Amino acid sequence: MEDYKKLRNIAIIAHVDHGKTTLVDQMLKQSGIFRSNEAIAERVMDSNDLERERGITILSKNTAVMYNDIKINIVDTPGHADFGGEVERILMMVDGVLLLVDAFEGCMPQTRFVLKKALKLGKKPIVVVNKVDRPGSRPEEVVDEVLDLFIELGADESQIEFPVVYASGKSGYAYVSDDDSKDNLKPLFETIINEVPCPKGDPNGPLQILISNIDYDDYVGRIGVGRVERGLVKTNQNVALCTRDGDVKNVKIGKIYKFEGLKRAEAEEAGLGEIISISGITGLNIGETLCDTDHIEALPFVKIDEPTVSMNFMVNNSPFAGREGKFVTSRNVRDRLFKEVETNVSMRVEETDSADTFKVSGRGELHLSILIETMRREGYEFQVSRPQVIMKEIDGVKCEPIEILAIEVPEEYVGAVIEKVGARKAEMINMTPKEGSMTMLEFRVPSRGIIGYRSEFLTDTNGKGILNQIFDSYEPYKGEIVQRRHGSLVAHETGTSTGYGLFAAQDRGRLFIGPGVDVYEGMVVGSTPKAEDITVNVCKKKHVTNMRASGSDEALKLTPPSILSLEQAIEFIDEDELLEVTPKNIRIRKRILDKTMRLRSKVQK
């Protein structure tokens, strides 16, 4: 049995892009996990394709390093607020947290969110001021900001006396004082071992394991990841499973795996405080407890914040349905969505009155768009509606989710930003000039007001602004918000777009397609600055004639089309539009494809 006093369990928490995964890379390298000649990918913990492409962590992952015969279990967590559900449950597995803060940017909205959760659960914090070698870094000021945040969040005395380590994850060094040598991460490892407590509990008591994560393997099936809270667990042991519904089942543990670097190593047993993976139990879910059959005690699980945004996922019924997807039926879509909910604790799926429509609720647009992108890559074909915020009735009053919006922009764009977010019912709560010509603006704004704003924001600031948001609370409904001030260019007929037809249409607005693209009647092919939709014939061909005139047959100059990404398309769609998602294409369409029927429906409304 492994001595639990030689164990340290930590989670790395931070705002998005503050360097968590890069720091874990260096910790793995310097602890001797890899061979000297081994080829190592950058951001090795971001193992999934989407994470690598976007440069963000989406799923929490476990790893472990050895340092001076002490095992440090590390959990790398997402930094984006939409994946907060991943952070909240992972905190149940650890005794301490490394709070990573950028030495230039300082405390950001997500820093506040994850720290609040960690302090509430009584975790021991270590503050790591990362990127100290970045130009313009201000480590001492950032430490003061962190201290203010701790006080604001009601940290107790032991938590406020936090140790500080200065580091450069990219260069692979850390130091506690300026006199330390800056050539490795030894000061960080030493601080973790000295400051993070070893697991607490009874190593000889009856077994208790809390399942905080679910993994899947094609060979062994469902794998539960959790921590031994009490006692000792062995392979092939008969245990009781306390389900989320309050039921108790007798089950048998198959294999036990411990984390060693990036790999799982099979083990015969695991003791108090170990973070382990367990196979062989079907139907195991997050938040459930495995315990001794003679001492059935379910452990309380952290309350996961409720979803704030929902979208309808529908079977594709466009004229091009079934052309590109592998899984197209309502049963395929339903099974995939319910499978997602098993591992994605902050997501909800509900069946609606229609057999072809499912209401999916998540923590934000990015949370839902990652699911959409994952499904289309797996070969699913479906349609989604515009995101809607989830309203609640509190004490008989209709309430809506409010977010904290943090915006960093150059001074010359401050006026444009304040004007735009002001029209979306935002209230400014802070305005701070930063180094250089940058200004930090903080607003409280209804979640409805932010939907569709990001692309507008990038245009207004010429791509120089940084926008972050995080859920704050529910407040009484703020009234109507005008969200879209432009219309759509809608295809007049089914066919293939031509250069001649697009040349005539491009004067009406911005096009989303080029020549040679298959379109159908009612498909959105562009946007117009006017408030109403315009029907355009992008399939129009030039009449063939044997008459020639100088000047009339010059080459047509087409403006390059704006190809929308998935997030941009989700932001663009209006109430009367849908987004058709297939493995090969993303198309925006009107709910009612026929022009006459659309006009009739508008008149009736």
Side-chain angles (χ1 to χ4, degrees), residues 15-18 53-56 79-82 102 104-106 108-110 131 134-138 364-366 369 403-445 448-470 481-489 506-514 524 526-531 557-574 586 588:
H15 184 79
V16 67
D17 205 27
H18 278 197
E53 284 171 30
R54 293 168 186 245
I56 59 172
H80 200 286
D82 283 18
D102 190 303
F104 174 74
E105 290 184 357
M108 299 292 276
Q110 184 70 3
K131 304 189 186 181
R134 179 178 173 176
S137 70
R138 44 187 189 96
E365 285 174 86
L366 183 64
S369 72
E403 313 229 357
I404 299 285
L405 185 66
I407 293 175
E408 195 176 322
V409 285
E411 271 174 33
E412 62 263 35
Y413 305 117
V414 168
V417 169
I418 293 174
E419 184 187 342
K420 283 283 171 72
V421 294
R424 292 167 176 263
K425 307 280 185 191
E427 300 167 18
M428 188 189 287
I429 52 174
N430 202 356
M431 182 173 176
T432 317
K434 298 195 83 172
E435 265 187 48
S437 62
M438 301 297 278
T439 303
M440 177 64 107
L441 305 167
E442 274 191 55
F443 301 91
R444 296 186 82 251
V445 57
R448 287 179 300 138
I450 305 174
I451 294 173
Y453 174 61
R454 194 175 291 271
S455 51
E456 222 175 287
F457 168 76
L458 290 172
T459 306
D460 291 344
T461 60
N462 285 340
K464 294 176 185 173
I466 301 167
L467 182 148
N468 288 292
Q469 67 199 70
I470 187 158
I481 297 175
V482 178
Q483 285 177 312
R484 199 168 97 164
R485 300 171 190 278
H486 52 78
S488 300
L489 296 177
Q506 70 181 8
D507 293 338
R508 302 291 186 92
R510 179 170 60 118
L511 291 171
F512 297 156
I513 61 165
V524 174
S527 74
T528 168
K530 294 183 178 178
K557 288 185 180 173
L558 290 176
T559 308
S562 301
I563 308 297
L564 298 185
S565 68
L566 177 64
E567 276 84 10
Q568 288 169 328
I570 290 171
E571 284 187 351
F572 178 86
I573 56 176
D574 210 349
I586 293 168
I588 299 170

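Numbers for residues simply follow the sequence, beginning at 1. This is a predicted model, so every value here is computed, not measured.
- If you take CD on Glu419 and OH on Tyr413, they are separated by 15.5 Å, rounding to the nearest 0.5 Å.
- Across Met431 and Leu441, no two heavy atoms sit closer than the pair CG-CD2, 3.5 Å.
- You'll find the side chain of Asn430 stays beyond 4.5 Å of the side chain of Met440, heavy atoms only.
- Nearest heavy atom pair, residue Ile450 against residue Glu365, reads O-OE2, 4.3 Å.
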After noting the C-alpha distance and the side-chain angles of Leu467 and Thr461, does the key distance pass the side-chain contact (heavy atoms from CB on, under 4.5 Å) rule? CA-CA 11 Å; Leu467 182 148; Thr461 60; over 6 Å; no
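- Of the inter-residue distances, the one linking Leu558 atom CG with Leu511 atom CG reads 8.0 Å to the nearest 0.5 angstrom.
- To the nearest 0.5 Å, atom CG of residue Leu489 and atom CD1 of residue Ile588 are 11.0 Å apart.
- The side-chain heavy atoms of Val524 and Ile573, taken from C-beta on, include no pair separated by under 4.5 Å.
- Nearest heavy atoms, Pro561 versus Gly514: CG-N, 3.9 Å.
- Atom NZ of Lys420 is separated from atom CD of Glu456 by 4.5 Å, given to the nearest 0.5 angstrom.
- The structure places CG of Leu564 at 6.0 Å from CZ of Arg510, a figure rounded to the nearest 0.5 Å.
- No more than 12 heavy atoms of other residues, nucleotides or ligands lie within 6.0 Å of CZ in Arg508, so this atom counts as exposed by the packing criterion.
- In terms of heavy atoms, Gly449 sits closest to Arg424 at O-NH1, 2.5 Å.
- The two residues Ala569 and Ile586 make their nearest non-hydrogen contact at CB-CG2, 4.1 Å.
- Using a 4.5 Å heavy-atom threshold, the side chains of Val409 and Phe457 count as touching.
- Taking each heavy atom of Ser369 and Leu566 in turn, the nearest pair found is O-CD2, 3.4 Å.
- Side-chain contact between Phe512 and Ser527: present, with at least one pair of heavy atoms (C-beta onward) separated by less than 4.5 Å.
- Taking CD of Glu105 as the start and CE of Met438 as the end, the distance is 9.5 Å to the nearest 0.5 Å.
- Ring geometry for His486 against Phe572 counts as parallel: the plane angle stays under 30°, on a 0 to 90° scale with 60° as the upper cut.
- Annotation: side chain of Leu405 is in contact with side chain of Val421 (closest heavy-atom distance under 4.5 Å).
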